[in-house]
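Remarks on the structure that follows.
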Amino acid sequence: MSAPDLSTSLAAHMPSLRGRLTGGVRLADLTWFRVGGPAEVLFNPADAADLAYFLARLPPQIPVFVLGLGSNLLVRDAGVPGVVIRLGRGFASIASSGEHRLRVGAAVPDVKLARAAADAAISGLAFYRGIPGSIGGALRMNAGAHGRETRDVVIEARAVDRQGRMHVLALADLQLSYRHCGVPADWIFTEAQFQGSAGNADEILKQMSEVADYREANQPIKQRTGGSTFKNPPQASAWKLIDQAGCRGLRIGDAKVSEMHCNFLINDGAATAEDIERLGETVRARVKAVSGIALQWEIIRLGCGRPGQPIGEALVEAGTP
Ligand SMILES: Cc1cc2nc3c(=O)[nH]c(=O)nc-3n(C[C@H](O)[C@H](O)[C@H](O)COP(=O)(O)OP(=O)(O)OC[C@H]3O[C@@H](n4cnc5c(N)ncnc54)[C@H](O)[C@@H]3O)c2cc1C
């Protein structure tokens, strides 16, 4: 008799679980790049209490990763061992929580926060119109654009830790800096409060449409991409360094450096995660050779490569193209 799969054995140990556990879910369908292997188990918690119950009972050796809208994520081809958590309907509310203040679930897309703020004539959140992630991802990445970032507008967040304990975090506790959050990597945000100021709904809608037009004109937003691949180094632009290193349009298989914005990698057909990661490492190596600057990945890379395939910097060190 074969051993039960992980989702079945977890369900057997969690009789009061209300969320859904599913084995072997294809993560390519849940990320912008549309590449990568399956999650061993995908868990969709019913709400924050259900998430806390699950984490408290999950054996500590089982790895956990929380997925947002997959807009900053490269899932490797052999998939992700352990549990991938995806927040859904139980984390999708938006409500007023004070003057020019909104309480928002971590699964809410950033663009919906921007729209809700416009509807309530709350100014300061229009920049979220252009960021295709969720509130959970915005907190983790300190997402920002057009001169503003999450740390300018968030005032409080709630999270569940790996042991299932709930925490309320003030802005200072989040330790947000450029594309970084200091909260332990395995804590899962469940909601946050955002503070704006008094605004005019028509003006906010105009700003949002300017943001959308800018994106359309300057970024390959209709393609399968992960947004900015590398962080901007201090006092430099990653895209300029990539351009100077001659990488615009560079291709490995169906993975390509966008011609439109060369800090974006795109899946231009049937690229694998390995093609994309290899291309990213090749860009890093060429930029290092030309400028001396070592670019740091902004995109989160997750899971395992195909057996026997070196990934990441090992590829470049091995002298692959
Ligand atoms: C076309 C395009 C344009 C983009 N433009 C911008 C931009 O202008 N500015 C910008 O900052 N980013 C931009 N991005 C990148 C991306 O949208 C942001 O980083 C976004 O915040 C990621 O959110 P997500 O929900 O998609 O997270 P995912 O990509 O799913 O995950 C990213 C990280 O967030 C973590 N995470 C997700 N949810 C939670 C949670 N509930 N609790 C704890 N951690 C969580 C994940 O574990 C992972 O570490 C762009 C991406 C694309 C594809």
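Keep in mind that the numbers below use all heavy atoms, side chains included, and drop hydrogens, waters and symmetry copies. Whatever order the structure lists them in is the order used to number ligands and atoms, beginning at 1.
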query = Just one of T272, T225, L74, V35 clears the side-chain contact (heavy atoms from CB on, under 4.5 Å) bar with N267, so which one?
reply = V35
[atom] - nearest protein heavy atom and its distance:
atom                    : answer
atom 49 (O) of ligand 1 : I300 CG1, 3.7 Å
atom 33 (C) of ligand 1 : M141 SD, 3.9 Å
atom 17 (O) of ligand 1 : S71 OG, 2.7 Å
atom 4 (C) of ligand 1  : P132 CD, 3.6 Å
atom 12 (N) of ligand 1 : I131 CG2, 4.0 Å
atom 35 (C) of ligand 1 : R140 CG, 3.5 Å
atom 48 (C) of ligand 1 : F65 CZ, 3.7 Å

Contacting atoms of ligand 1, where contact means under 4.0 angstrom from a heavy atom of [X]:
X    : value
R215 : 3 (C), 4 (C), 5 (N), 6 (C), 7 (C), 8 (O)
L73  : 29 (O)
L87  : 41 (N)
W32  : 1 (C), 53 (C)
Q219 : 3 (C)
A143 : 11 (O), 21 (O)
G144 : 7 (C), 8 (O), 9 (N), 10 (C), 11 (O)
A138 : 21 (O)

query = Parallel, tilted or perpendicular: which describes the rings of W239 and H261, with under 30° parallel and over 60° perpendicular?
reply = perpendicular
key: Whether W187 and H167 hold their rings parallel, tilted or perpendicular, with breakpoints at 30° and 60°   = parallel
For ligand 1, which is the ligand I care about here, please tell me if [X] has any N or O atom under 3.5 Å from one of the ligand's N or O atoms.
X    : value
G68  : yes
N72  : yes
L69  : yes
S134 : yes

Determine whether a donor-acceptor pair (N or O, by modelled atom type, separation under 3.5 Å) exists between the side chain of [X] and the backbone of [Y].
X    : Y    : value
D47  : G90  : no
D50  : P45  : no
D110 : P132 : no

ask   = With sequence neighbours left out, which residue pairs that include part of residues 128-148 fulfil the salt bridge (Lys or Arg N to Asp or Glu O under 4.0 Å) condition?
value = none
Once you restrict to heavy atoms under 4.0 Å, what part of [X] touches ligand 1? Side chain, backbone, both or neither.
X    : value
V66  : both
R179 : side chain
W187 : backbone

For [atom], state which one of [options] supplies the nearest heavy atom.
atom                    : options                : result
atom 28 (P) of ligand 1 : G137, A159, G70        : G70
atom 43 (C) of ligand 1 : F91, F189, F33         : F189
atom 39 (C) of ligand 1 : G136, P109, S228, G133 : G136

task = Could you give me the CA-CA distance, side-chain angles and deciding distance for S97 and Q193, then say whether side chain to side chain donor-acceptor pair (under 3.5 Å) is met?
result = CA-CA 8 Å; S97 58; Q193 287 197 70; 2.6 Å; yes
query = Are more than 12 heavy atoms from other residues, nucleotides or ligands located less than 6.0 Å from atom CD of Q61?
reply = yes
request  = Determine whether more than 12 heavy atoms belonging to other residues, nucleotides or ligands lie under 6.0 Å from atom NZ of K112.
outcome  = no
inquiry  = Would R278 and E281 count as a salt bridge (charged side-chain N to carboxylate O under 4.0 Å, His left out) here? Give the steps.
reply    = CA-CA 5 Å; R278 189 188 286 247; E281 287 299 341; over 6 Å; no
ask   = When rounded to the nearest 0.5 angstrom, what is the spacing between OH in Y128 and CD in E149?
value = 9.0 Å
